[in-house]
Structures are given as C-alpha cells and as structure tokens.
Novice: 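Here you go, one structure.
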There are 2 protein chains.
Amino acid sequence: MSVNRKKLIIEAATKSFSLFGYKATTMDQVAKIANVGKGTIYTFYANKEELFKEIVDNMIVEMEQEANDAINPELTFTENLHLTLYRLLEFRREHQLMIKLFQEEREIRTPAVLEIVEEIENAILSFIAQKIKIAIQKKYIKECDPELTAFLMLKMYITLIVDWERIRKPLNKEEIAELFDLYLFKGLSL
Amino acid sequence: MSVNRKKLIIEAATKSFSLFGYKATTMDQVAKIANVGKGTIYTFYANKEELFKEIVDNMIVEMEQEANDAINPELTFTENLHLTLYRLLEFRREHQLMIKLFQEEREIRTPAVLEIVEEIENAILSFIAQKIKIAIQKKYIKECDPELTAFLMLKMYITLIVDWERIRKPLNKEEIAELFDLYLFKGLSL
DNA sequence: CAATTGACCAAATGAACATTTCGGTCATTA
DNA sequence: TAATGACCGAAATGTTCATTTGGTCAATTG
C-alpha cells in the first residue's frame, strides 16, 4: 500500500463538508480532492451518509477533548461549567463544519443533516448531564434532573448567545457568565 | 347602510385565516364568506396584508385581556407570572389562528407571516417586561434587565413546554411551575 | 352621488415535461 | 486483489405554459 487511501478520503471529505456543507458536497468532488477513484470511497463507506457520519463523529470526539481541556480543577463548578459551555460554543463558531451544519439545518433542512445535528446536540447534552450528576453527588448544586437541567442550560446558553444577538446588541463573554450565574444559580428571588 | 359590511369582512377574514392560514386564504374567498363584493374589502383595507394585520392585532388585544384576567392579586408574583405565561401558551394552543400562524411560520415561511409572528412575540415580550419592571420596583425580585429577563423567561417556558416534549415525555402544569420556580427564582446553588 | 360590485388585468403560482446532476454499481485494469 | 471511472437510474433542477389570485376600475345600484 503506497498511501493510506482511507486517510486521504477522510481529509478530503472533511475539507469538502466544511467548505460546502453536506448537500453541496459530491462524491466525485471528494474523490477528486483525495486523488482517488470514486469507487474506492465505497470500499470504505457504504454510502455518502456513512462517510458523513465518520467525519462528524471525529468532530464530536474533538469537541469533547476541547471541552475537557477547558476544565480547571482549581475553579468552582459554576466557573468551570461556564468555561466549558463557552468553549463549546466558541468551538462551534470557529469550526467550519459546525457552522455549515447548523446553517444547513435551518436553511436547507437536508434530512441527513437534521439527524446529525441532533446527534451532536445529544453528545453535548450527555456531556453536560454527566458533569451535573457529579456536581449533585458532590453537593455543589441542588438535587435536580440532570438531563432536563442540561437541556435547559444548553437552550439558555444558546438563547443568550445566538437568539438575543438577533434582536439586541450581542453580549460579551463576561456578561453572559454573569447572567448565566444570576438566572440559573443565584435565582431571581430576594 | 343595511348591514355593517366591515364587521362582516372582519368575521369572514378571521374565520378564513384561522381555518386555512394566510397564504391559503384568498380575497375572493373572504368576499364570498362575507357575502360582499371583493372590491368592498379594498374600500376598508389597502391590501391583503393590512386586512391580516387588523385580524392579528385584534387577536393580540384578546391575548392581553386573557393574560390580565389570569392575574390574581392574592397570589405571589411568581405564581401570577406562571399563571399568566401558562394562560398565554394555552391560549396559543387553543386559538386556531395562532396555531395556523406558527405552523405557516416554520413550514411555508410566508414573509408576511414571519413579520406578524415576530410582532406577536414582541407583544408578549413587552407584556412580560412590563410586569417584571413592576416586580423590581416593588422589590419582589432582584434588579435585572427587564427585557432580557422577559426574553429568557419566554424562551425557557417554550423550551420546557414545546422543546422538551419532543425528546422526552411532556411535563404537566404543576411540574412546569415547579421547574420554572426552581431554575429561575430559587436558583441551583446551595 | 356615494357605495358597491364583479369583470378584468398583470403578476404569482404550480403542474407537466425536459434536462442535468449525482449517488452508487460493476466490468475492466493495473 | 485493490482500485478505478464509465455508466445507470433516480432525484434534483430548469423550463414552459395554463391557472390562480391580488388588486383596479368602469358600470351599477339604491
């Protein structure tokens, strides 16, 4: 074997999906970028969707590493949670593939992309839920449903960062941290 | 004047928009239901969109009455807030026009409907923001940005009722009240 | 004469058909 | 035996044309 063709294909596919999204990426294109015959792709992956899934799964693994790296054991749970979520959202903003996918999800609604975006959301959710479970065990926070809490946290974060930006001026890192802390942890009641 | 033609037109249009949505409602249809010449509609409204706006504005007024009726001065601010939001969401679920509009917003994306749905959301938001301002003044809750808080509350409520229902079993009225109270008012910190 | 009407028009819509694109196969090749 | 790219059919896309529909206005009505 002269070169690792599978690796070439993965690299080419990652590049193309990131640049053009799922729908606009053709198998011919991937084959061409990878300098590989189109049929070769089908010796490794049964179809376009499977190839896509491989690329996205790689990305999810990277995301989890990214998130874990953000955690600093010397800081409080709240601070760490915020750092982690923020890192994930920054990651999303930076990461070409992520951006293309979320765009494609709302604009084009390709079924394969809808499915995958849901998978990504689930990966993020179970990651957060995991951390919440530990926090409850260690009595850092009140007793609560970890999954529902994770869900609410993610939605709230997205609301603060993405949705609010659409109608008012965007909030910076510190403001978001403060608000997140006020609303979810301290609570509004006096 | 034998009959109030404007009233006939409003009733016919309300019926048709509620039943078929904005796009699927034709001016011929409205004229026919109202037993009125099509041209007569144009003596009262410049175009279809204006007629639509009249109908929706009526609905918003009804919604505000509905919400205000839900308020019971003997209950706490938190309880009242919950009752109000819940009533609004129930209202939305019950009200034909509201349902059709929200459907049309995500499925057909008629520009006129997108605009109007935004207007409805704004009406709800300023209503909540109003109540929050009073609550801050009266020291019922902590100092905070009323608009952002209203925005977050609405999104959180929708998350709990609509979004969560899509992935897990739906929450009932009491559960939602409890969660809303836990997360937003009491806070998670110990 | 003021209010009302519906035939009429231009623009938007969508059905039907033609054309192109693209995922996936497989006979051929190295 | 691994790799390839010409080829196939289905699905997406583009095109044409008949129908629908928002809006106008001359005729009509009371």
Side-chain angles (χ1 to χ4, degrees), chain A residues 1-56 100-101 103-105 107-116, chain B residues 1-17 19-56 100-101 103-104 107-116:
Chain A
M1 173 198 308
S2 54
V3 283
N4 187 342
R5 289 174 196 282
K6 188 169 179 179
K7 199 182 159 196
L8 286 176
I9 292 167
I10 291 179
E11 282 168 1
T14 304
K15 205 178 286 180
S16 187
F17 284 133
S18 302
L19 226 49
F20 309 112
Y22 178 79
K23 201 177 176 186
T25 290
T26 68
M27 295 303 262
D28 281 300
Q29 201 174 29
V30 174
K32 196 171 236 176
I33 296 174
N35 259 321
V36 144
K38 188 161 63 151
T40 309
I41 301 176
Y42 288 89
T43 62
F44 296 111
Y45 303 98
N47 51 45
K48 189 183 179 182
E49 218 170 318
E50 236 184 54
L51 172 62
F52 183 52
K53 206 168 146 21
E54 165 98 15
I55 306 298
V56 171
K100 270 285 162 213
L101 253 45
Q103 248 176 261
E104 215 170 324
E105 193 221 1
E107 285 162 26
I108 318 185
R109 317 214 121 231
T110 322
V113 173
L114 291 181
E115 251 176 63
I116 289 290
Chain B
M1 169 196 315
S2 54
V3 282
N4 186 342
R5 289 175 196 281
K6 189 171 178 179
K7 199 182 160 195
L8 286 177
I9 291 167
I10 290 179
E11 282 168 3
T14 303
K15 204 178 286 178
S16 187
F17 283 133
L19 225 50
F20 308 112
Y22 178 80
K23 201 177 176 184
T25 290
T26 69
M27 295 303 263
D28 280 300
Q29 201 175 28
V30 174
K32 196 171 235 173
I33 296 174
N35 260 322
V36 142
K38 187 162 62 152
T40 310
I41 302 177
Y42 287 89
T43 63
F44 296 112
Y45 304 99
N47 51 45
K48 190 182 179 182
E49 217 171 316
E50 239 185 52
L51 172 62
F52 183 50
K53 205 169 148 22
E54 165 100 16
I55 307 298
V56 171
K100 269 285 162 213
L101 254 42
Q103 245 176 262
E104 215 170 326
E107 284 163 25
I108 317 185
R109 316 213 119 233
T110 322
V113 173
L114 291 182
E115 250 175 63
I116 289 291

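Because only heavy atoms are used, hydrogens play no part in the values below, and waters and symmetry mates are left out as well, while side chains stay in. Each chain gets a letter, A, B and so on, in the order its sequence line appears, and its residues count up from 1.
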Novice: Applying salt bridge (charged side-chain N to carboxylate O under 4.0 Å, His left out), can you list everything that pairs with Lys32(A), at least two apart in sequence or on another chain?
Specialist: none

Novice: For Phe52(B), enumerate each residue passing the ring pair (Phe, Tyr, Trp, His ring centres under 6.0 Å) test, keeping only those at least two apart in sequence or located in another chain.
Specialist: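 Result, ring pair (Phe, Tyr, Trp, His ring centres under 6.0 Å) vs Phe52(B): Phe17(B), Tyr22(B).
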
Novice: Check whether any side-chain N or O of Glu104(B) sits under 3.5 Å from a backbone N or O of Lys23(B) as a donor-acceptor pair, and report yes or no.
Specialist: yes

Novice: Just to be sure I understand the geometry, which residues of residues 10-31 of chain A put a non-hydrogen atom under 4.0 Å away from DNA chain C?
Specialist: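 Contacting residues: Thr25(A), Thr26(A), Met27(A).
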
Novice: Ignoring backbone atoms, test whether Arg5(B) places a side-chain nitrogen or oxygen under 4.0 Å from the OP1 or OP2 oxygen of dT4(C).
Specialist: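 Yes, such a contact exists.
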
Novice: With the side chain of Lys38(A) defined as its heavy atoms from C-beta on, choose the nearest nucleotide among dG5(D), dT4(D), dC8(C).
Specialist: dG5(D)

Novice: Can you measure Leu8(A) atom CG to dA2(D) atom C1' for me and round it to whole angstrom units?
Specialist: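 Between C1' of dA2(D) and CG of Leu8(A): 15 Å.
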
Novice: Short of 4.0 Å, heavy atom to strand atom, which residues of residues 39-52 of chain B count as contacting DNA chain C?
Specialist: Gly39(B), Thr40(B)

Novice: Check the distance between dG6(C)'s P and Asn35(B)'s CG and give it to me in whole angstrom.
Specialist: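 Roughly 10 Å, once rounded to whole Å.
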
Novice: Just jot down the salt bridge (charged side-chain N to carboxylate O under 4.0 Å, His left out) partners of Lys38(A), sequence neighbours excluded, or say none.
Specialist: Asp28(A)

Novice: With sequence neighbours left out, write down each residue that passes side chain to side chain donor-acceptor pair (under 3.5 Å) with Gln29(B), or none if nothing qualifies.
Specialist: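 Scan of Gln29(B) (side chain to side chain donor-acceptor pair (under 3.5 Å), adjacent residues dropped) gives Ser16(B).
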
Novice: Return the CD1 to CD distance between Ile116(B) and Glu49(B), rounded to the nearest 0.5 Å.
Specialist: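 Rounded to the nearest 0.5 Å, the CD1-CD separation comes to 7.0 Å.
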
